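Note that the structure is predicted; figures quoted are calculated from it, not measured. Chain letters run A, B, ... following the sequence lines, proteins first and then strands; every chain starts at 1.
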Amino acid sequence: SHLLVIEPEKIYAMPDPTMPDGYIKALTTLCDLADRELVVIIGWAKHIPGFSSLSLADQMSLLQSAWMEILVLNIVFRSLACEEELVYAEDYVVDEEHARLSGLLDLHVAILPLVRRYKKLSMEKEEFVTLKAIALSNSDSTHIENVEAVQRLQDSLHEALQDLEGAHNTEDPRRTGKLLMTLPLLRQTAAKAVQHFYSIKVQGKVPMHKLFLEMLEAKA
Amino acid sequence: KEKHKILHRLLQNST
């Protein structure tokens, strides 16, 4: 219930109406959105019980490893009610045709399998918020100072997921496992998304804000 | 750490 309370408000892409439609506009919109959503994610992480008790260095390491998984999981959850569309933001819903015209097809095709996977599981909001916190705590950063403290954070979030499933899904005793078994696909998808944006950064045609660049650099 | 100064600053902010 605490994770539900700290869940951030809806986010809006607000594409620049003065820019001509196309590849540059679509990516400029997404990079600006990602930068603003990262600020929100950092604020959200601080409210996860136990996260702020970690050292500042470990908080940074977890976020630097997991930020794209969290961004992707947010997009995926927003898209669960749609058919083959991705809800990047409340006002930025992209179908395959739009994705093709705006140079977002690779990203679109990379994220959709994850949407299908969670649709099949009928993932609920309670499960989504818990899984998202688990993804952050389970980011496999190689730079963790206090491994025991991070393990305690993982354990408490894992326990929250088990409690949730114990209370709501007595008909499927394997549901916790099924949800956790989606995390490899989430990591794979986030890796593709990082690669996508990293190559855009290298091409240098799309403006990127500093935080987004900083987080991309941490993944380089 | 100097390279990640915005993340560092946002984590230190109390809000």
Side-chain angles (χ1 to χ4, degrees), chain A residues 5-6 8-9 31-32 34-48 50-68 70-71 136-137 139 141-146 149-150 153 194 198 201 208-220, chain B:
Chain A
V5 171
I6 65 168
E9 297 289 311
C31 290
D32 171 69
D35 188 77
R36 285 185 286 118
E37 198 165 354
L38 276 170
V39 176
V40 173
I41 286 170
I42 294 163
W44 160 81
K46 290 198 282 189
H47 290 102
I48 296 172
F51 183 82
S52 286
S53 332
L54 299 174
S55 70
L56 196 56
D58 284 349
Q59 293 178 37
M60 289 177 72
S61 297
L62 292 183
L63 279 163
Q64 283 168 343
S65 291
W67 63 275
M68 186 60 98
I70 296 161
L71 276 178
L136 176 64
S137 71
S139 70
S141 165
T142 48
H143 309 291
I144 298 298
E145 294 173 343
N146 190 339
V150 172
L153 179 63
V194 164
Y198 200 81
K201 171 186 129 68
M208 289 177 173
H209 296 296
K210 280 184 184 159
L211 178 60
F212 186 54
L213 280 173
E214 191 180 288
M215 298 305 268
L216 267 182
E217 286 294 342
K219 286 294 224 175
Chain B
K1 290 290 182 294
E2 187 52 32
K3 275 169 68 185
H4 310 297
K5 52 189 178 190
I6 303 175
L7 174 61
H8 190 270
R9 180 165 51 77
L10 287 171
L11 280 170
Q12 278 192 315
N13 285 350
S14 56
T15 46

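- In this structure, CD in A:Gln59 is found 5.0 Å from CG in B:Leu11, a value given to the nearest 0.5 Å.
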Quick one, B:Asn13 with A:Ile42, criterion side chain to side chain contact (heavy atoms under 4.5 Å, CB included). Give me CA distance, side-chain angles, the key distance, then yes/no.
CA-CA 10 Å; B:Asn13 285 350; A:Ile42 294 163; over 6 Å; no
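- Residue A:Phe212 does not touch chain B at all, counting heavy-atom pairs closer than 4.5 Å.
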Should A:Lys46 and B:Leu10 be marked as a side chain to side chain contact (heavy atoms under 4.5 Å, CB included) after you check the CA-CA gap, both sets of side-chain angles, and the distance that decides it?
CA-CA 10 Å; A:Lys46 290 198 282 189; B:Leu10 287 171; 5.7 Å; no
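- For the atom pair NZ (B:Lys5) and CD (A:Glu214), the distance works out to 8.0 Å, reported to the nearest 0.5 Å.
- Within the 4.5 Å cutoff, the side chain of B:Leu7 has no heavy atoms near those of the A:Leu38 side chain.
- Here B:Gln12 contributes atom CD and A:Leu56 contributes atom CG; the two are 5.0 Å apart, rounded to the nearest 0.5 Å.
- We find the CZ-CG distance between B:Arg9 and A:Leu211 to be 9.0 Å, quoted to the nearest 0.5 Å.
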